[in-house]
Amino acid sequence: MKVIELLNKIANGEKLPKKIKYDNDIWNYDEISRDYILIDKSGEEALICEELNLMFALNEEVEIIEEDKKLEKIDVNHLQQIKKWKRAKILGNKINEIIDYLEDKQC
């Protein structure tokens, strides 16, 4: 992803990656400052908006460090075989509903 694409995500209010790699540094997104922060070895913080010269950095590559993890649904048919847990299928179906809800919220 290029810096310009990341800026477009910000402008469009899209979900932003929590960690990116730019210029061999790992930057973490901070909800409060609404910017990417780099904490160096001495504990000093730097904001990416202060470090970038946007006129020259728009076409530079930014690597997304983390990927969205796909939640795995529960096989409720298997849960029916557990005799100690009479309500296992009901719980499995409810967990699957929660997974569906969370996946809808990510889009």
Side-chain angles (χ1 to χ4, degrees):
M1 170 185 293
K2 293 185 179 188
V3 171
I4 187 74
E5 294 168 333
L6 187 62
L7 292 173
N8 282 331
K9 282 183 169 285
I10 294 169
N12 293 330
E14 296 176 24
K15 185 178 177 187
L16 298 172
K18 292 183 182 177
K19 289 184 181 183
I20 59 171
K21 185 175 184 179
Y22 174 74
D23 197 27
N24 292 323
D25 292 319
I26 305 294
W27 298 80
N28 296 303
Y29 186 72
D30 180 55
E31 294 284 338
I32 296 170
S33 65
R34 295 175 49 192
D35 200 353
Y36 286 93
I37 296 177
L38 172 70
I39 301 174
D40 65 13
K41 294 176 185 174
S42 66
E44 293 291 318
E45 293 183 358
L47 298 174
I48 202 166
C49 68
E50 295 171 351
E51 298 295 320
L52 282 181
N53 183 345
L54 286 180
M55 293 295 291
F56 300 103
L58 291 176
N59 288 317
E60 290 188 30
E61 289 292 322
V62 172
E63 179 183 344
I64 298 173
I65 299 297
E66 65 180 353
E67 298 177 12
D68 291 338
K69 295 179 182 175
K70 184 76 173 163
L71 297 174
E72 194 172 316
K73 289 191 176 184
I74 295 174
D75 181 7
V76 291
N77 294 324
H78 172 69
L79 291 176
Q80 275 184 315
Q81 298 171 1
I82 302 172
K83 295 181 181 179
K84 292 181 181 177
W85 233 11
K86 293 182 180 180
R87 297 182 185 231
K89 185 174 181 178
I90 295 170
L91 290 172
N93 283 329
K94 187 53 75 176
I95 290 170
N96 288 340
E97 284 180 36
I98 293 169
I99 290 171
D100 288 339
Y101 175 81
L102 291 174
E103 287 176 349
D104 288 343
K105 287 294 182 181
Q106 289 180 347
C107 295

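Because only heavy atoms are used, hydrogens play no part in the values below, and waters and symmetry mates are left out as well, while side chains stay in. If you're wondering where the values come from, they're calculated on a predicted model, not measured in any experiment.
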Quiz item: How long is the span from the CG atom in Asp23 to the CD atom in Glu61, to the nearest 0.5 Å?
Solution: 13.0 Å
Exercise. Rounded to the nearest 0.5 Å, what's the gap from OH on Tyr36 to NZ on Lys18? Could you check?
Key: 11.0 Å
Exercise. Using the test salt bridge (charged side-chain N to carboxylate O under 4.0 Å, His left out), find all partners of Lys94 that sit at least two apart in sequence or belong to another chain.
Key: Glu97
Quiz item: Are the side chains of Lys15 and Lys9 in touch, meaning some heavy atoms are under 4.5 Å apart?
Solution: no
Quiz item: Between atom CD1 of Ile10 and atom CD of Glu5, what is the distance when rounded to the nearest 0.5 Å?
Solution: 12.5 Å
Exercise. Could you grab the distance from atom CG of Asp30 to atom CD1 of Ile37, nearest 0.5 Å is fine?
Key: 3.5 Å
Self-check item: For Pro17 against Leu6, the heavy-atom pair lying closest together
Solution: CD-CD1, 4.1 Å
Exercise. Please identify each residue that fulfils side-chain hydrogen bond (donor to acceptor under 3.5 Å, both in side chains) with Glu60, with sequence neighbours left out.
Key: Tyr22
Self-check item: Partner residues of Asp35 under the side-chain hydrogen bond (donor to acceptor under 3.5 Å, both in side chains) criterion, sequence neighbours left out
Solution: none
Self-check item: Over all atoms of both residues, closest heavy-atom pair of Lys2 and Leu58
Solution: CB-O, 3.9 Å
Quiz prompt | Interatomic spacing from NZ in Lys21 to CD1 in Ile64 - rounded to 0.5 Å | solution = 14.0 Å
Quiz item: Which value, rounded to the nearest 0.5 Å, describes the distance between Leu91 atom CG and Asn96 atom CG?
Solution: 11.0 Å
